[in-house]
Amino acid sequence: MVALVIESALAGRLALFQKIGAARQKSAALRLLLSLLLTSLFSLSIVVTVEWIARGELAPVWPYLMSPSRPGLATIGVVMLAMLIIDALVGRAHSSVLVVAPLLLVPAFISSQKQNYLSDPLYPSDFLFARQIIELMPVMVRDRPWTAVGLAIGIVTGLAATALLGRYVWKHAAALSRRERLGRLSVCLPLTTLFVSQMDPTQYSFIREKLGIIPIVWDQNENYNYNGFVIAFALNLPMADVKSPAGYGPNAIDAIPARNYGYLSGPREKPDVIMLMSESLWDPTRLSNVAFTPDPMPTIRARQSGNVFSPEFGGMTANVEFEALTGFSNAFLPYGSIPYQQYVRRPLPSLATFFRGEGYTARALHPFSGWFWNRSEVYRAFGFEEFHTEETLPTMDKRGMFAADDSLMKEIMREGDAAERPFFFFAVTLQGHGPYEANRYAENTVHIGGNLSEDDRETLATYAQGVREADGSLKMLMDWAERRDRETIIVLWGDHLPPLGNVYLNTGYMSQQVASRKAPLDVMKKEHQTPLIVWSSKKGVRKDIGTISPSQLPYQVLKTAGYEHPFYTGFLGRVQKKYSIVDRYQLATRDNQAFPDWARKEQEIDPIVRDYRYLQFDMMFGRQQGLERFFPSHAQLVSQESS
């Protein structure tokens with residue numbers, strides 16, 4: 001009897017424990033479900049806000065999130081995975097909001113601002129030159145002081161709010177048990193690893209396709225519009241890894257014909273050569289319904305040889321410079337990449353090594369910091385013997401915070417007069433840099449006529465005055481060159497159109513504040529052309545060059561100087577006979593026949609363009625199989641310096 005009572009009591013207690021356990025399991029499952037639901041709501045809110053900020057308006061966000069063929073839901077899921085992992089690592093539920101939200105919202109805001117000024121969204125490579133942006137902050141602050149004040153207040157407020165929220169969350173957020181933390185990590189880490197492995201846009205992915213993610217790397221604006229900021233940014237992370245073009249190899253380089261590529265020869269008397277890349281130089285008289293009195297660029301207009309088709313707008317000067325010095329093209333590199341920052345990691349052929357091989361002094365000058373755009377390292381890789389920066393140049397007059405063009409021209413003349421050997425100088429001016437704040441100049445001597453707002457008139461007045469002073473400094477340099485006994489060749493061009501903000505829109509010159517990346521050829525020329533001068537003190541202007549990519553400038557320089565070279569006049573000469581513009585989105589012949597989106601049709605690429613791409617990849621990333629055949633002076637120079 002006693003045994004039965006004990007057994008009954010034990011059974012009752014066991015049943016009670018089972019009920020309590022079941023209740024606890026239900027409670028734990030309910031807590032987990034509610035926690036996951038709350039995390040998903042946080043993730044949804046973050047993604048909506050990120051897309052709203054990055055796109056500049058709310059309306060396009062809903063189709064992105066609701067369409068089953070687009071990766072809106074996948075983005076929410078990825079953000080949710082990241083939040084769950086952070087919660088598990090920290091040990092507090094939902095504390096990840098304070099980490100994930102700023103990490104996504106701040107870049108989204110930066111991307112929206114970049115699109116306003118430069119037409120491109122934020123790329124991972126942009127963080128490589130964060131120091132450049134910080135260096136230019138004083139100019140931006142002076143241009144928009146109240147915006148800067150509001151931004152500063154917002155940053156301080158945001159940091160303070162984040163700190164207070166972090167303290168509150170740490171005290172009140174539910175602590176996760178060891179089992180809960182391990183459970184989250186065991187599920188979320190493998191899923192996150194799987195997702196990351198699918199982000200290489202050069203490889204096909206069944207999973208990526210099912211998630212609605214379509215890499216559109218040939219059109220980054222559409223890439224960000226379709227895939228959303230988070231996914232598009234992730235797709236661009238592998239851009240530092242440049243894949244070899246299909247068919248590339250030693251046999252492909254050897255198969256490039258050597259005939260008709262020129263030979264190493266030069267003039268009896270070697271001319272001095274000065275290349276000037278003028279910051280944001282453009283012809284403002286192209287604006288309709290605006291009159292400039294007097295003409296701000298009479299010297300440039302009278303001696304203009306043609307135009308340069310800039311691959312950039314409003315910035316990214318280093319990419320234009322890369323083409324002009326090497327003869328290579330950004331069209332063969334990932335969109336949004338910056339060769340100076342990412343790819344120049346070994347000695348590369350350039351005009352500097354060519355001229356040094358001919359016994360010249362090769363020198364670069366730029367009245368700004370040497371680290372800017374990584375120029376100090378790049379110029380060394382390009383073979384320049386010296387690079388004179390604001391740290392080593394004499395004190396120069398300023399226009400606002402930028403060195404005046406005439407001071408730089410006077411320094412070029414001084415160094416030219418002191419040179420004992422023929423010289424090749426490459427200089428980048430600074431005075432024309434934006435933004436174009438009012439009262440940069442003591443007096444604006446160019447009158448602006450037309451129906452303009454006061455802000456637009458002030459912006460144009462500052463810019464036009466800078467153009468007039470750049471024109472005057474060029475005349476001073478040309479007058480000096482004409483007095484010299486030795487022939488002096490001067491090549492000047494603008495790196496890109498200036499960032500004039502609403503001026504383009506309000507005058508009807510462009511349909512938006514920034515230039516198009518994809519448009520018919522006539523529109524692209526209108527929005528990307530800058531003036532080009534190729535002039536000799538003995539032979540005068542080299543006329544009728546037309547509109548050319550910066551990568552064609554080495555050909556024009558060497559032909560004007562009387563040199564023949566296997567690559568710069570030989571191979572590039574063959575390219576320029578057929579194509580004047582080699583751009584990512586526009587391949588254009590000399591008679592203006594356009595081939596938009598040509599790079600996507602790899603099987604149909606013209607053999608001359610294919611070989612161009614092979615040679616560039618071979619020099620930059622390959623084994624330099626064609627070095628001695630196409631760049632003999634560079635090969636000899638590298639051999640001498642390494643021995």
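Quick note: numbers below take in every heavy atom, side chains included, and nothing from hydrogens, waters or symmetry partners. Nothing here was measured: the structure is a model prediction, and the numbers come from that model.
- The side-chain heavy atoms of Glu564 and Lys559, taken from C-beta on, include a pair separated by under 4.5 Å.
- Of all the heavy atoms in Ser112 and Ala54, the pair that sits closest is CB-O, 4.1 Å.
- Using cut-offs of 30° and 60° on the angle between ring planes, the pair Tyr224 and Tyr123 is perpendicular.
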Worked verdict on Leu408 versus Val428 for side-chain contact (heavy atoms from CB on, under 4.5 Å): CA-CA 9 Å; Leu408 181 59; Val428 182; over 6 Å; no

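- Residue Gln431 comes nearest to Asp405 through the heavy atom pair OE1-N, 2.7 Å, listed as atom of the first residue, atom of the second, then distance.
- In this structure, the separation between CD on Gln576 and OG on Ser549 is 12.0 Å, given to the nearest 0.5 Å.
- Looking at heavy atoms from C-beta onward, Ser551 lies in side-chain contact with Tyr612 at the 4.5 angstrom threshold.
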Verdict with supporting geometry, Thr547 and Gln529, side-chain hydrogen bond (donor to acceptor under 3.5 Å, both in side chains): CA-CA 7 Å; Thr547 299; Gln529 282 184 159; 2.6 Å; yes

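- Atom NZ of Lys539 has more than 12 heavy atoms from other residues, nucleotides or ligands within 6.0 Å.
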Chi angles and distances behind the side-chain hydrogen bond (donor to acceptor under 3.5 Å, both in side chains) call for Asp591, Thr589: CA-CA 5 Å; Asp591 59 358; Thr589 63; 2.3 Å; yes

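- Phe355 contributes atom CZ, which lies 12.5 Å from atom CZ of Phe425 (distance to the nearest 0.5 angstrom).
- A pairwise comparison of heavy atoms in Ser537 and Ala481 identifies CB-O, 3.7 Å as the closest pair.
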Step-by-step side-chain hydrogen bond (donor to acceptor under 3.5 Å, both in side chains) determination, Asn506 to Asn502: CA-CA 6 Å; Asn506 294 340; Asn502 288 323; 5.1 Å; no

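- A pairwise comparison of heavy atoms in Ser337 and Arg584 identifies OG-NH2, 4.1 Å as the closest pair.
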Candidate pair Tyr248 and Ile253, rule side-chain contact (heavy atoms from CB on, under 4.5 Å), full reasoning: CA-CA 7 Å; Tyr248 166 76; Ile253 298 298; 3.9 Å; yes

Criterion side-chain contact (heavy atoms from CB on, under 4.5 Å) on Ile338 and Asn374, from CA distance to verdict: CA-CA 10 Å; Ile338 308 163; Asn374 197 33; over 6 Å; no

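- Across Pro311 and Glu323, no two heavy atoms sit closer than the pair CG-OE2, 4.0 Å.
- Between atom OG1 of residue Thr530 and atom CH2 of residue Trp493 there is a gap of 9.0 Å, rounded to the nearest 0.5 Å.
- You'll find the side chain of Asn319 stays beyond 4.5 Å of the side chain of Asp495, heavy atoms only.
- The existence of a salt bridge linking Lys518 and Asp597 is confirmed by a sub-4.0 Å separation between a basic side-chain nitrogen and an acidic carboxylate oxygen.
- Ring geometry, Phe595 versus Tyr579: the interplanar angle exceeds 60°, so the pair is classed perpendicular (tilted spans 30 to 60°).
- A distance of 9.5 Å separates CD in Glu437 from OG1 in Thr459, rounded to the nearest 0.5 Å.
- By the 4.5 Å heavy-atom criterion applied to side chains, Phe571 and Ile256 are counted as neighbours.
- Classified by interplanar angle (parallel below 30°, tilted 30° to 60°, perpendicular above 60°), the ring pair Trp598/Phe332 is perpendicular.
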From CA spacing to verdict: ring-ring contact (aromatic ring centres under 6.0 Å, His included), Tyr568, Tyr563: CA-CA 9 Å; Tyr568 292 124; Tyr563 285 99; over 10 Å; no

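- A 4.5 Å side-chain heavy-atom check between Ile581 and Lys525 finds at least one atom pair inside the cut-off.
- What you find for Leu281 and Val467 is that their closest heavy atoms are CD1-CG1, 4.3 Å.
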Step-by-step side-chain contact (heavy atoms from CB on, under 4.5 Å) determination, Phe426 to Tyr379: CA-CA 10 Å; Phe426 176 76; Tyr379 287 165; 3.6 Å; yes

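- Between Val290 and Tyr509, every side-chain heavy-atom pair lies at or beyond the 4.5 Å cut-off.
- Residues Thr326 and Met619 fail the side-chain proximity criterion, which asks for heavy atoms closer than 4.5 Å.
- By the 6.0 Å and 45° rule, Arg468 does not stack over the aromatic ring of Phe292.
- The 12-atom threshold is not exceeded at CG of Asn289, counting heavy atoms of other residues, nucleotides or ligands nearer than 6.0 Å.
- More than 12 heavy atoms of other residues, nucleotides or ligands sit less than 6.0 Å from atom CG of Asp522.
- Counting only heavy atoms from C-beta outward, the side chains of Glu321 and Arg375 approach each other to under 4.5 Å.
- Between Arg301 and Asp471 no salt bridge is recorded (no basic side-chain N to carboxylate O distance below 4.0 Å).
- Ring-plane geometry between Tyr340 and Phe382 is classed as perpendicular, the angle between the planes exceeding 60 degrees on a 0 to 90 degree scale with a lower cut at 30.
- Checking each of Ile545, Leu474, Leu276 against Ile533 for a side chain to side chain contact (heavy atoms under 4.5 Å, CB included) leaves exactly one that passes, namely Leu474.
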